[in-house]
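Scroll down for the structure; my scribbles are underneath it.
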Number of protein chains: 2
Amino acid sequence: MTVSKTAADAVRSPRAQRREPVDPAGDDSMLQLGELSGLLGYSLKRAQLKVFEDFLRCVAPLQLTPAQFSVLLLLDKNPGRNQTEIANTLGILRPNFVAMLDALESRDLCARMRSTNDRRSHILVLTDRGRAVLARAKKLVANKHEARLIEVLGPANHAALLEMLAKLAQEF
Amino acid sequence: MTVSKTAADAVRSPRAQRREPVDPAGDDSMLQLGELSGLLGYSLKRAQLKVFEDFLRCVAPLQLTPAQFSVLLLLDKNPGRNQTEIANTLGILRPNFVAMLDALESRDLCARMRSTNDRRSHILVLTDRGRAVLARAKKLVANKHEARLIEVLGPANHAALLEMLAKLAQEF
DNA sequence: CGGTATTTGATATAGTTCATAACGATTATT
DNA sequence: AATAATCGTTATGAACTATATCAAATACCG
């Protein structure tokens, strides 16, 4: 638990390396997936895990999880909002958002400021450091993560995929 | 915690209803998602949660989670396999697969049989009841769940989506 | 105005999922 | 025969998700 043999270890920051399904010609002599491969939910989950894995790898130097990145992005795009608004937009429950913010704030990436007109709420703001980290993260995500996705899928497919996923997230 | 007002409650069997992001013209006056909507990982996760939600709804009468359904499917397609092989194929760690099997076995959907040639392994078999439940589940999934997906996306898009997700799960 | 209800951030808590280490029993290796 | 590897299992911990509840502050309403 203390050794860190390879540089790849640094990649699995919060969650350790995910279990790989099947096996690349290894030990199970390839079972039949059957209608499993036609199940959209199954493929969605598998793909999502892989994509998150790659995200963590690409953005590892900044030690940001997808969730943390999304918070920083949202704070940057929507200044002057409180915890409830940000959490709701991301589908995070307010109680769970507290610890998330604690972590970001302890790293001086954002700060809570008491609102002057409503002293219950905390207005969330990115710190200078938060803005700098976000800028670097955006570049890593665009140039390494999304670039690889576009390379694998092709630009047109990538766009089509995004559109379909958005439709699913909306109309479903 | 004891009342169950609506029939929809039965839907959220294992996990309670997931938090909805943003809000349908409700209280947060629509924050800007910004580049978040262009993040494939974000859209993937959102879509996956929705699809799983719908899966649970559709297959609620049989009380099967997506993971349980995938196990039954795999057992049916690959008879004579042991726990390690099934778990590996699904990307489930062996220790975590034990409780899953306990649950399925306690409902008489499958059974562990000691292998004759290797008395360490448990050969997994579907019971008659397991086969019957699987057959009913398949119909529900096809006629309600996947049917709705195809309706929302269109058949061609649905197929294209599956193909892209499979490619991501593989080459990533 | 004053009392009640609601909202906000927070705490405590519990359930689910995912991961690692280690063990006994069995089998493979040498 | 001795050692190593494998199988199912247990124990355990971390991360994520969900609910109930609280104090402080605000909104509502008679």
**OP:** Among the candidates dT20(C), dG8(D), dT19(D), find the nucleotide nearest to the side-chain atoms of N82(B).
**Re:** dG8(D)
**OP:** Identify, between S115(A) and N96(A), the residue whose nearest nucleotide on DNA chain D lies closer to the 5' end.
**Re:** N96(A)
Original post:
Any donor and acceptor pair, going by atom type alone, linking the side chain of S121(B) with main-chain N or O of D118(B) inside 3.5 Å?
Top reply: yes
Original post:
With respect to the side chain of V98(B), which nucleotide from dT8(C), dT10(D), dA10(C) is positioned closest?
Top reply: dT10(D)
Subject >> Separation of dA15(D) C1' from Q68(A) CD (nearest whole Å) >> reply: 12 Å
Original post:
How close or far is atom P of dT17(C) from atom CZ of F97(B), stated in whole angstroms?
Top reply: 14 Å
**OP:** Return the value, rounded to whole Å, for the distance between atom CE of M113(A) and atom P of dT8(C).
**Re:** 19 Å
Subject >> Salt bridge present between D76(A) and R131(A) (N-O < 4.0 angstrom) >> reply: no
**OP:** Rounded off to whole Å, could you give me the CZ-to-P distance for the F52(B) and dT17(C) pair?
**Re:** 11 Å
**OP:** Using heavy atoms and a sub-4.0 Å distance, could you list which residues of residues 117-127 of chain A are near DNA chain D? By number, please.
**Re:** N117(A), D118(A), R119(A), R120(A)
Original post:
Can you check whether T84(A) has a side-chain N or O nearer than 4.0 Å to OP1 or OP2 of dT7(C)?
Top reply: no
**OP:** Take the protein atom CD1 of I92(A) and the nucleotide atom P of dA10(C), then report the distance between them rounded to whole Å.
**Re:** 14 Å
Subject >> Separation of atom CZ in R114(A) from atom P in dT26(D), rounded to whole Å >> reply: 9 Å
**OP:** Let me know the distance between CZ of R94(A) and C1' of dT17(D), rounded to the nearest Å.
**Re:** 13 Å
**OP:** Of all the heavy-atom pairs spanning T89(A) and Y42(B), show the shortest one and how long it is.
**Re:** O-OH, 3.9 Å
Original post:
Can you name the ring-ring contact (aromatic ring centres under 6.0 Å, His included) partners of F55(A), sequence neighbours left out?
Top reply: F69(A), H145(A)
Subject >> Separation of atom CD1 in I86(A) from atom P in dG9(C), rounded to whole Å >> reply: 10 Å
Subject >> Distance-only donor-acceptor check, side chains R94(A) and N88(A), under 3.5 Å >> reply: yes
Subject >> Nearest listed nucleotide, side chain of L93(A), among dG8(D), dT19(D), dA10(C) >> reply: dT19(D)
Subject >> Ion pair E171(B)/K50(A), N-O distance below 4.0 Å >> reply: no
Original post:
Reckon K45(A) has a side-chain N or O less than 4.0 Å from the OP1 or OP2 of dT17(C)?
Top reply: no
**OP:** Quickly, which of L134(A), L56(A), L109(A) forms a side chain to side chain contact (heavy atoms under 4.5 Å, CB included) with L64(A)? Name it, please.
**Re:** L109(A)
